[in-house]
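Working notes, beginning with the structure itself.
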Protein chains: 2
Amino acid sequence: MNLHPPRTRIQRKNTESILNAGLEVFSRQGFRGATLDQIAVEAEMSKPNLLYYFPSKEAIHVTLLDRLMQTWLDPLRALDAGGDPVEELLAYVRRKLQMSRDYPRESRLFANEILQGAPRMLTALEGDLKTLVDEKSAVIQGWSDAGKLAPVDPRHLIISIWALTQHYADFDVQLRAVLGPGHDPLQEAEGYLEQLFKKLLTP
Amino acid sequence: MNLHPPRTRIQRKNTESILNAGLEVFSRQGFRGATLDQIAVEAEMSKPNLLYYFPSKEAIHVTLLDRLMQTWLDPLRALDAGGDPVEELLAYVRRKLQMSRDYPRESRLFANEILQGAPRMLTALEGDLKTLVDEKSAVIQGWSDAGKLAPVDPRHLIISIWALTQHYADFDVQLRAVLGPGHDPLQEAEGYLEQLFKKLLTP
DNA sequence: TGTTCTTTTGACCAATCGGTCAAGAACACG
DNA sequence: CGTGTTCTTGACCGATTGGTCAAAAGAACA
């Protein structure tokens, strides 16, 4: 029986390989659209071997979502109430945009889950995520009240940062088609988003 | 043989019912995740009857995407080079947000297609969409050059309008979870987005 | 070396998939 | 009414689905 923290080198390598393959397939096809055969091919492994390491297709998916939730909110957690308000928020935008650049598959996995109605994530959204947003919204509200930030709805500010940064990961194909060759959407986004949020937030 | 423009009342009613059911299912599950049985149940019709009106699952999907492309860009097409720049762009934001409110399923259908890499839409994106964006970008650039608009990258301005307005449709489940009961994300978005784009665009 | 535990896979299973077909039911129109 | 057309569906098909199992192949350690 394979326990939760993989013990041997082979276990560690194979579970990681499966999760990587699962991320690749789930992020493109969604849970229902993905098949174990696709994941097995991507992981260069036979299908029964997949199921030696994970008991089911859903187990792979759930593991990926759990891992995602652990790191996805780090950029927002790092928002420091003691720092300079505008600079803190711009740094948050930069960190989130960096995640779109480094982890586009994770971003699409998340988007797919939400599009399906978040059947396996709703409790996490209503729990940890809401708590974190409530907490950071209070910080932002405090900054606004103190006149160190333009008055702005803190929750919708956070939402707009999500929308803009994640869009550059999830809709990358569309943006490349529209911008044409010779353009790097994510690179150009950095300057544009800094301009946008500077104007919005500077008191 | 059923021709393209449905002739009889029954044909019109049933094709419409199928497309509506297909929209419901495809927008949640994506193309691969959706099944003809689900669509048939949703349309209250037997599966062979579906296939009497559409030759295949893909034909339903393609028809939906074609219809979508015809209306999806209307808000941007309506951007009037002769109007007041800031007001024209704010009106565009309002129209796009209204589409998120009225047609969330169409928005999710589009998002699903892009997340999968736009296999059935890429040519349309590189064609009609790019042409339209190029044209309207020139208008916006002209406004900026004339000093009637803050200097801003026109293409990324359009992209940011897409990102923000579509996010309120596609991620509605998440936003409701985060905002908690008693909040209507799309309603609150209107004021927030107006504030955001007014600040960004006013010279 | 032999023995034990871990890892791998070909063959297989029931359920579901997209799609077909023939035959019946409902309709339109003289 | 009758008759030709349109509409509907139960039964079915081969392929694919998620998942099982037994047996073989590899590692690990004595």
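Order of the sequence lines sets the chain letters (A, B, ...), proteins ahead of strands, with each chain counted from 1. Predicted model only: the values in this text are computed from it and were never measured.
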Could you check how far CE of A:Met45 sits from P of D:dA25, rounded to whole Å?
20 Å
For residues 81-93 of chain B, the side chain to side chain donor-acceptor pair (under 3.5 Å) pairs (sequence neighbours left out) are B:Glu87-B:Arg94, B:Tyr92-B:Trp162
Figure out the CG/C1' separation between B:Asn49 and D:dA11, and round it to whole Å.
16 Å
From CG (A:Asn112) to CZ (A:Phe31), nearest 0.5 Å
12.0 Å
Measure OH/A:Tyr52 against C1'/C:dG10 and give the value in whole Å, please.
18 Å
Encode nucleotides 11-30 of chain C as B, S and - characters from 5' to 3', where the letter depends on protein heavy atoms closer than 4.0 Å: B to the base, S only to sugar-phosphate, - to neither.
B-----SBBBB---------
Rounded to the Å, how far apart are A:Tyr53 OH and C:dT8 C1'?
8 Å
When rounded to whole Å, the CD1 to P distance for the pair A:Ile60 and D:dG19 reads 9 Å
Check A:Arg67 with A:Glu106, please: is the shortest side-chain N to carboxylate O separation under 4.0 Å?
no
OP1 or OP2 of C:dT7 versus the side-chain N and O atoms of A:Gln11: is any pair under 4.0 Å?
yes
For A:Gln141 and A:Asp145, which I'm curious about, is there any donor-acceptor pair between the side chains at under 3.5 Å?
yes
Mate of C:dC29 where both pairing distances stay under 3.5 Å, Watson-Crick or G-U
D:dG2
Please name all residues satisfying salt bridge (charged side-chain N to carboxylate O under 4.0 Å, His left out) with A:Lys198, sequence neighbours left out, ordered by chain then number.
A:Glu194
Would you mind reading off the distance between B:Ile18 atom CD1 and D:dC7 atom P, rounded to a whole angstrom?
11 Å
Taking the basic N atoms (NZ, or NE/NH1/NH2) and the acidic carboxylate oxygens, is any pair closer than 4.0 Å for B:Glu113 and B:Arg32?
no
Give the rounded distance in Å between these two atoms: CG of B:Asn14 and C1' of D:dT9.
13 Å
